[in-house]
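Below you'll find the structure, written out as structure tokens, and then a few comments.
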2 protein chains.
Amino acid sequence: MKPTIKDIAGMTGVSVATVSRILNDQRGYSEETKERVEKAIKELGYKPNAVARNLVNRKSHTIGVLIPKLSTSFSAKLLQGIEAAAHQRQYSVLICNTDSNGERTMDYIQLLNEKQVDGVIFASELFTREYCRELLSSGIPAVVVSSVSVHPEVPYIKINDEEAAYAAAAYLIEKGHQNIGMISGTKHDPVAGMPRLRGFQRALKDYRLQFENSQLVFGDFSYSSGYRAIEQLLEKNPYITGVFAASDEMALGVISYCYEKGIRIPDHLSVVGFDDTEIAQMSTPPLTTVHQPIEKMGSAAFAKLASLMNGEEAESSYLPFQIIERGSAKRLS
Amino acid sequence: MKPTIKDIAGMTGVSVATVSRILNDQRGYSEETKERVEKAIKELGYKPNAVARNLVNRKSHTIGVLIPKLSTSFSAKLLQGIEAAAHQRQYSVLICNTDSNGERTMDYIQLLNEKQVDGVIFASELFTREYCRELLSSGIPAVVVSSVSVHPEVPYIKINDEEAAYAAAAYLIEKGHQNIGMISGTKHDPVAGMPRLRGFQRALKDYRLQFENSQLVFGDFSYSSGYRAIEQLLEKNPYITGVFAASDEMALGVISYCYEKGIRIPDHLSVVGFDDTEIAQMSTPPLTTVHQPIEKMGSAAFAKLASLMNGEEAESSYLPFQIIERGSAKRLS
DNA sequence: TTGTATGCGTTATCAC
DNA sequence: GTGATAACGCATACAA
């Protein structure tokens with residue numbers, strides 16, 4: 001069996017209290033006993049039991065991350081940012097793949113509650129009142145990242161999607177494009193769908209361009225939906241010279257479609273994406289897109305959570321986005 | 001404060017033992033008290049404290065995953081598979097980004113040990129004797145995935161890299177290519193570097209093709225290294241008609257390079273990748289590549305770990321790979 | 001069917 | 001400086 005604090009106490013002839021003091025380097029022991037004890041610790045290969053510690057300290061030094069899907073570049077980068085920040089502050093992170101399933105999410109919140117996590121980060125998905133209520137009633141500090149929360153007690157951190165989409169549309173317009181199509185994300189999605197569409201439409205309006213329904217098609221952020229969407233879009237509106245896709249994956253879908261059909265990018269069609277995940281730089285041509293500081297969002301989310309766990313206040317905030325010019329969009333000549 | 005088992009015992013006038021029995025639905029109580037107790041549980045919103053449970057049960061129902069980098073599609077898919085399998089069996093997963101750093105890895109193993117995880121999965125990185133020793137001495141069951149272990153007590157699960165690379169080369173050869181280049185992974189890397197190179201060379205030999213150094217260039221599995229590698233390769237050997245890259249990312253690097261230089265794929269050059277991550281299907285042209293069942297490897301790794309945690313034996317095993325034909329390679333005409 | 005008591009491995013509050 | 005000892009929240013062997 002693993003040695004306990006009691007074993008090393010017995011072995012050195014001191015009390016467990018003293019050993020505990022030495023372990024947590026408090027004061028209350030002579031240099032000599034300290035050495036004896038530390039020697040015994042080495043010999044027995046003693047490791048403190050964090051579970052027992054957590055029980056008495058009432059904190060687990062662990063946070064939970066609720067995320068809809070682990071297998072995307074976006075999630076991966078976000079997790080990377082969260083884990084890095086957490087590890088730096090000695091926190092462990094428990095991952096929970098919600099699969100965008102309400103029941104499963106609720107179960108996970110329960111679980112995290114039972115596991116006594118010190119905080120939770122809710123990522124890239126609609127943060128419902130139900131989730132919010134459950135979290136709040138459990139008393140666990142929480143922050144949402146890449147999505148919004150209406151409750152001030154759980155702040156959020158993200159980019160300003162509407163402004164970002166506005167910028168993307170404006171970019172295309174400034175390049176001389178007048179007939180621009182948009183491939184939106186999921187219809188009615190209040191976090192990444194609607195705002196990006198609104199931004200797009202507002203830009204057209206500000207630049208005194210007409211917006212017609214034939215310019216709009218909905219996808220679901222996925223590659224394949226982008227592929228299908230551009231096909232529809234081109235059918236409805238063959239004269240577009242530029243297209244803004246609400247995700248890089250959808251943008252890649254249009255690039256693939258165009259490649260197959262012999263539509264050259266950016267010569268025949270300019271396309272700008274959204275997210276700037278790894279695939280954006282790897283596509284051919286490389287994708288001009290709206291950069292989200294995903295990893296930074298992750299670490300910033302943890303920082304916010306750390307404040308909360310520290311009993312401080314924390315406010316929602318936006319992180320800056322940026323348009324990265326690569327090769328998929330050009331000035332209309 | 002959160003209600004404890006004691007609170008609900010006091011509230012219903014029964015002992016904590018009875019409450020505990022009801023919670024773990026064992027037997028030893030009347031239907032009537034059960035109802036009373038469950039009512040109190042609802043009212044107080046009582047949730048069992050998993051930390052306390054773990055302490056007495058000596059298991060945490062949690063596993064740790066050591067992984068070199070979270071932000072890649074490969075890691076993401078692997079995690080997805082692991083988490084899914086774990087969740088199904090009521091296990092939570094703690095993620096540990098080792099950053100391919102030895103010290104950090106050792107620290108994490110310590111941490112997982114202290115946190116009393118029931119098992120650990122070590123992923124896609126060289127599993128050193130040092131790690132192995134530490135894990136073994138801690139008594140935590142472990143399995144390595146997408147890498148190898150020489151110790152029978154910690155089994156591994158992966159595809160047969162050498163055979164897979166052999167198949168990739170053979171594929172190209174059967175398509176009529178005689179002068180094939182290879183962009184290998186990191187030099188001397190014993191897990192994904194060397195075996196793939198060996199497989200490639202063995203295929204050439206079996207098909208009685210010459211292998212010369214001018215056909216070989218080393219990258220580090222990354223996109224940018226693939227880009228640089230193809231440039232070098234073409235310089236050393238302008239007559240290759242096909243190239244096998246040891247990772248999809250590197251293959252995308254060659255596709256980008258060729259796109260820029262006007263080298264048409266697959267007309268001028270056939271390329272086959274390795275991994276079949278998401279990017280393979282999204283590239284233009286879509287990438288012909290060696291498919292690794294990454295997600296399945298993750299869930300299989302957990303299954304193996306579950307056996308180990310269950311006190312059973314578990315042996316290393318290979319999962320099948322497969323060549324996915326898409327558009328980046330064609331018969332030489 | 002139910003309750004008492006003990007222990008899980010630590011930390012912390014007292015005394016000495 | 002050091003040592004009992006009582007928590008922490010729960011499970012369980014043993015009684016009743």
Side-chain angles (χ1 to χ4, degrees), chain A residues 1-38 40-41 44-62 110-118 138-139, chain B residues 1-38 40-41 44-62 110-118 138-139:
Chain A
M1 227 45 281
K2 292 183 182 178
T4 74
I5 204 177
K6 210 175 290 180
D7 295 322
I8 91 106
M11 173 164 231
T12 54
V14 300
S15 73
V16 295
T18 301
V19 178
S20 176
R21 290 192 192 97
I22 295 177
L23 249 25
N24 302 322
D25 49 37
Q26 306 176 31
R27 49 200 187 118
Y29 47 81
S30 66
E31 193 58 32
E32 187 241 326
T33 58
K34 172 176 180 178
E35 283 170 16
R36 280 215 333 277
V37 166
E38 289 185 333
I41 288 179
L44 294 194
Y46 166 80
K47 299 280 183 308
N49 182 324
V51 173
R53 277 188 168 167
N54 294 344
L55 182 57
V56 26
N57 292 332
R58 285 119 176 283
K59 6 198 275 151
S60 58
H61 263 271
T62 301
Q110 294 266 356
L111 182 68
L112 292 176
N113 191 2
E114 297 185 3
K115 291 224 171 187
Q116 315 294 118
V117 298
D118 299 334
S138 72
Chain B
M1 225 47 283
K2 291 183 182 178
T4 75
I5 203 176
K6 207 175 292 181
D7 294 322
I8 91 105
M11 172 163 234
T12 54
V14 300
S15 73
V16 295
T18 300
V19 178
S20 175
R21 290 189 193 99
I22 295 177
L23 249 25
N24 304 319
D25 49 39
Q26 310 178 42
R27 49 204 183 111
Y29 48 81
S30 67
E31 194 57 32
E32 186 241 326
T33 57
K34 172 175 180 178
E35 283 171 15
R36 280 217 331 278
V37 167
E38 290 186 331
I41 288 179
L44 294 195
Y46 167 79
K47 300 280 182 308
N49 181 325
V51 173
R53 275 188 170 166
N54 294 343
L55 182 57
V56 24
N57 292 333
R58 280 112 173 261
K59 359 197 282 152
S60 57
H61 263 269
T62 301
Q110 293 267 355
L111 182 69
L112 292 175
N113 190 2
E114 297 185 4
K115 291 224 172 187
Q116 314 295 114
V117 298
D118 299 335
S138 72

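Per chain, numbering begins at 1; letters A, B, ... match sequence-line order.
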Margin query: Quick check: on DNA chain D, is the nucleotide nearest B:A50 upstream (toward 5') of the one nearest A:V16, or the reverse? Name the residue that is more 5'.
Written below: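 Result: A:V16.
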Check: Given that A:Y29 and A:R58 both sit by DNA chain D, which one's nearest nucleotide is further toward the 5' end?
Finding: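 Checking each residue's closest nucleotide, the 5'-ward one belongs to A:Y29.
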Next item on the list: Report yes or no: does A:T12 contribute a side-chain atom to a donor-acceptor pair with the main-chain N or O of A:I8 at less than 3.5 Å?
Entry: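 Yes; judged by distance alone, with no hydrogens or angles, the pair exists.
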Atom [atom1] of [X] and atom [atom2] of [N]: how far apart are they, to the nearest Å?
| X | N | atom1 | atom2 | result |
| --- | --- | --- | --- | --- |
| B:D25 | D:dT12 | CG | C1' | 16 Å |
| A:K2 | C:dG9 | NZ | C1' | 12 Å |
| B:R53 | C:dG7 | CZ | C1' | 17 Å |
| B:R36 | C:dT1 | CZ | C1' | 12 Å |
| B:L44 | D:dG9 | CG | C1' | 15 Å |
| B:K115 | C:dC8 | NZ | C1' | 19 Å |
| B:K59 | D:dT12 | NZ | P | 12 Å |
| A:R27 | D:dG3 | CZ | C1' | 17 Å |

Check: If you draw a 6.0 Å radius around NZ in B:K6, do more than 12 non-hydrogen atoms from other residues or ligands fall strictly inside?
Finding: no
Heavy atoms only, 4.0 Å cut-off, all strands: where does [X] land among base, sugar-phosphate and nothing?
| X | result |
| --- | --- |
| A:K47 | sugar-phosphate |
| A:N54 | nothing |
| A:V14 | sugar-phosphate |
| B:S20 | base |
| B:Q26 | sugar-phosphate |

Notebook entry, point to check: Do B:T33 and B:R21 come close enough that some side-chain heavy atom pair is under 4.5 Å?
Noted result: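 Not touching, per the 4.5 Å side-chain cut-off.
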Checklist line | Short side-chain N/O contact to D:dC8 OP1/OP2 from B:T4, under 4.0 Å | finding: no
Next item on the list: Verify whether one side chain among A:N49 and A:K2 offers a donor that lies under 3.5 Å from an acceptor in the other.
Entry: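 Looking only at side-chain atoms, A:K2 and A:N49 do not form any donor-acceptor pair under 3.5 Å.
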Notebook entry, point to check: If you measure only the distance, is there a donor-acceptor pair under 3.5 Å linking the side chains of A:T62 and B:K115?
Noted result: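 Yes.
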Between [options], which one does the side chain of [X] approach most closely?
| X | options | answer |
| --- | --- | --- |
| A:L55 | D:dC10, D:dG3, C:dG9 | C:dG9 |
| B:S30 | C:dT2, D:dA4, D:dT2 | C:dT2 |
| B:I5 | D:dT5, D:dA11, C:dT4 | D:dA11 |
| B:R21 | D:dC10, D:dA13, C:dA12 | D:dA13 |
| A:N49 | D:dC10, D:dT12, C:dT10 | C:dT10 |
| A:T18 | C:dT10, D:dT2, D:dA11 | D:dT2 |

Notebook entry, point to check: Could you state the interatomic distance from OH (A:Y29) to OG (A:S20), rounded to the nearest 0.5 Å?
Noted result: 10.5 Å
